[in-house]
Amino acid sequence: MAITANHLATCNAVKLDGFSFFSSFPCRPNHFLSRRLPQSMIRRVQTSCCYRVTSMKAVSPLTMPEKEPSSISDGVGIIRFLTGKSYLISGATGFLGKVLIEKLLRVSPEVGKIFILIKSNNQESANKRLYDEIISSDLFKVLKQMHGSSYEAFMKNKLIPIIGDIGEENLGMNSEAADKISEEIDVIINCAGRTTFDDRYDAALSVNALGPDRLLRFGEECKKLKLFLHVSTAFVTGKRKGTVLETPLCIGENITPDLNIETEVKLTSEAVRKFHGSERSKKLKELGYERAQSYGWEKVYTFTKAMGESLIHRKLGALPVVIIRPSCIESSYKEPFPGWLQGLRMTAPLILGNGKDQIPDLLGDYQSSCDVIPVDMVANAIIAAMAKHGCGNVLPEVKVYNVTSTSHAHPLQMGEIMDFSHKHLCNSPLTEKTTKDLERMKFHSSLEEFTSSVSNAITKQEREMKNGEGEEESHTTLSMKGKRKLKYFVSLAKTYQPYMFFQARFDDTNTRRLLQELSMEERKMFEFDGSCIDWEHYFINIHLSGLKRELFRLRSS
């Protein structure tokens, strides 16, 4: 969920960073707020005027021998590794990329250069993007306080914008820039990706599947490169159920041998030649969905990300490779401050559909797992893995880390997220027009049932607006605006349907082992233990406040 999604917004279509998820649970009435209880107790979910008592027993996470964290004097040696190292980062202006850069510069101002691959027509516009999207971002306000009047000079000295695009051959870089970078960088970090769920197949293939391979081939030419790190998504394995392991994807092993990436590229090329204008875009989106479904993936986003991982594994040379697979990345938990968010992503359209549009319906299972991880924890895991595997004397291999939360004893449920959101929005509505008396979310097990309920809700809203609250009319025909609204919510439900019935769990043995290897000091500085998150506190007091700030920022801009 590097799961970015068809970024669907509350008013207009936005992009979502991906995440991917069927259930035997029937439709339920309204669910009241359920608090997370100790293991020795049961979970009570209030339903209408009675209680539904369900067992707290959960799928046990994979276990590993416990050991005490390393002492302050040893650990992985993260700060020692960061000092003086130079990086090439793609996707640096994105949500995760910016948080990663901020953390690197804040904890280790002695890092070398950070070369940022930026899509731009010329150097002047690349410099402007660097300033507008990174240097002037409120994410960096702690760094501004640290450096004072020398902040901009510090940032311009460390961050070097490079015109390029991983969707193009040779990364879209000129030879002079490529030669300079190849002499200096120690680590390549790929945070780039096209995250729209229903993206054009040709564009998603070029960036998500072929892009990592282009970066890896460039890395082979770099004189002192120590590590290639690729950010994927935890949902990259497609429609699989059960436990999702931290193993590399390889065509012929855990991906069907029938998949041929070169054939997929030819199919898209033929479609590009055959169709034109708006029809071309429509046909390429349809082609991506059809091909993903035929091979066992829900969406073109996760399908092409899987291809990207398989190409990395196939082309592995003498270089250590780390693949980070985060689940649904949401607002920061602690750093650089709680609740920082960029864009309306992941769970936002679902929450805002109730809080803004007052539609109390959701296609999904209340008890389905919802794997969420704060963005600062993902950045910390990236840095820790980078230090461990980039220190030299490491055999070339592909090491996978699932940075997730469903592996723990009591994973977060989708119903709990909506309960937390309802509690927050009743106490602190989104707008003055929004009532504090929001209905609690009703979960529906079928699209037909969901569509009918949403249609009735919109019809009721239109009657009240036209005739005054409480008055009834015999006709039930939706206005054109109402039909557009219904179409939006049905489209939203279809997009999220795989994830709203998600029952799989992510193995995070490698991630927990890495956490155990950190010293106590490193664990405090680079926290990524999802089992420590108080989800009720996070959603009610941190995430939803950050979501509202971002919503108002987008409106004002």
Side-chain angles (χ1 to χ4, degrees), residues 1-8 13-20 90-91 93-94 117-121 163-173 190-218 230-233 235-239 249 251 255-256 258-315 491 494-495 498:
M1 123 48 20
I3 331 29
T4 151
N6 290 22
H7 252 75
L8 299 166
V14 235
K15 257 188 198 173
L16 268 179
D17 261 352
F19 67 95
S20 254
S90 64
T93 59
L117 206 61
I118 291 183
K119 290 177 67 172
S120 187
N121 294 325
I163 298 173
D165 182 356
I166 70 166
E168 297 180 8
E169 287 303 317
N170 302 316
L171 303 176
M173 292 192 292
N190 180 33
C191 294
R194 290 183 66 96
T195 56
T196 305
F197 277 175
D198 61 345
D199 202 1
R200 284 176 51 142
Y201 196 27
D202 57 336
L205 269 174
S206 182
V207 173
N208 297 341
L210 305 181
D213 179 53
R214 295 184 185 109
L215 270 172
L216 187 59
R217 279 187 279 132
F218 174 72
H230 171 66
V231 179
S232 185
T233 170
F235 305 100
V236 76
T237 54
K239 298 179 183 179
L249 292 180
I251 293 176
I255 296 180
T256 174
D258 296 335
L259 176 60
N260 184 294
I261 297 173
E262 289 74 18
T263 299
E264 299 304 306
V265 173
K266 288 179 182 177
L267 280 174
T268 62
S269 298
E270 290 169 4
V272 168
R273 287 194 300 269
K274 184 176 180 181
F275 301 105
H276 304 278
S278 59
E279 186 184 19
R280 174 186 288 173
S281 181
K282 180 175 180 289
K283 293 294 184 182
L284 283 165
K285 287 182 178 183
E286 291 173 352
L287 178 63
Y289 178 77
E290 290 165 3
R291 301 303 288 176
Q293 288 285 321
S294 68
Y295 283 107
W297 276 263
E298 296 285 359
K299 306 291 180 182
V300 69
Y301 168 66
T302 49
F303 182 41
T304 52
K305 291 293 277 188
M307 288 190 228
E309 281 200 23
S310 69
L311 279 175
I312 290 173
H313 187 268
R314 190 168 84 185
K315 303 289 183 68
S491 173
K494 289 178 179 178
T495 297

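Bear in mind that the values here come from a model prediction, so they are computed numbers and not experimental data.
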Visitor: Working to the nearest 0.5 Å, report the span between CG of Asn190 and CG of Asp213.
Guide: 11.5 Å

Visitor: Considering all heavy atoms of both residues, which atom of Leu216 and which atom of Ile312 are nearest to each other, and what is their separation?
Guide: CD2-O, 4.0 Å

Visitor: What residues form a side chain to side chain contact (heavy atoms under 4.5 Å, CB included) with Thr256, not counting sequence neighbours?
Guide: Asp258, Leu259, Tyr295

Visitor: State which residues pass salt bridge (charged side-chain N to carboxylate O under 4.0 Å, His left out) with Lys119; sequence neighbours excluded, sorted by chain then number.
Guide: Asp165

Visitor: Residues in side chain to side chain contact (heavy atoms under 4.5 Å, CB included) with Arg314, at least two apart?
Guide: Glu262, Leu311

Visitor: I'd like to know whether NZ of Lys315 has more than 12 heavy-atom contacts from other residues, nucleotides or ligands below 6.0 angstrom.
Guide: yes

Visitor: Once you measure the plane-to-plane angle for Trp297 and Phe303, does it fall in the parallel (<30°), tilted (30-60°) or perpendicular (>60°) bin?
Guide: tilted

Visitor: Of all residues at least two apart in sequence or in a different chain, which pass the side chain to side chain donor-acceptor pair (under 3.5 Å) check with Lys282?
Guide: Glu286

Visitor: Residues two or more places apart in sequence or in another chain: which of them pass side chain to side chain donor-acceptor pair (under 3.5 Å) with Thr93?
Guide: Arg129

Visitor: So, does Ser281 use its side chain to make a donor-acceptor pair with the main chain of Ser278 at under 3.5 Å?
Guide: no

Visitor: Using 0.5 Å steps for rounding, measure from the CG atom of Leu215 to the CG atom of Leu171.
Guide: 5.0 Å

Visitor: Would you compute the distance between atom OG1 of Thr233 and atom CG of Asn208 and round it to the nearest 0.5 angstrom?
Guide: 10.5 Å

Visitor: Nearest heavy-atom pair of Ser232 and Glu309: which atoms, and what distance?
Guide: OG-OE2, 2.7 Å

Visitor: Would you name the heavy atoms of Ile261 and Ser310 that are closest together and state the gap between them?
Guide: CD1-OG, 3.6 Å

Visitor: Would the distance check show the side chain of Ser206 and the main-chain N or O of Gly167 forming a donor-acceptor pair, the cut-off being under 3.5 Å?
Guide: yes

Visitor: What closest approach, in Å, do Ala271 and Leu284 show between heavy atoms, and which atom pair accounts for it?
Guide: CB-CD2, 3.6 Å

Visitor: Using atom types as modelled and distance alone, determine if a side-chain donor or acceptor of Lys299 lies under 3.5 Å from a backbone N or O of Asp199.
Guide: no

Visitor: Can you name the residues that form a side chain to side chain contact (heavy atoms under 4.5 Å, CB included) with Tyr289, not counting sequence neighbours?
Guide: Gln293

Visitor: Looking at Lys283, Glu264, Lys285, which one forms a side chain to side chain donor-acceptor pair (under 3.5 Å) with Tyr201?
Guide: Glu264

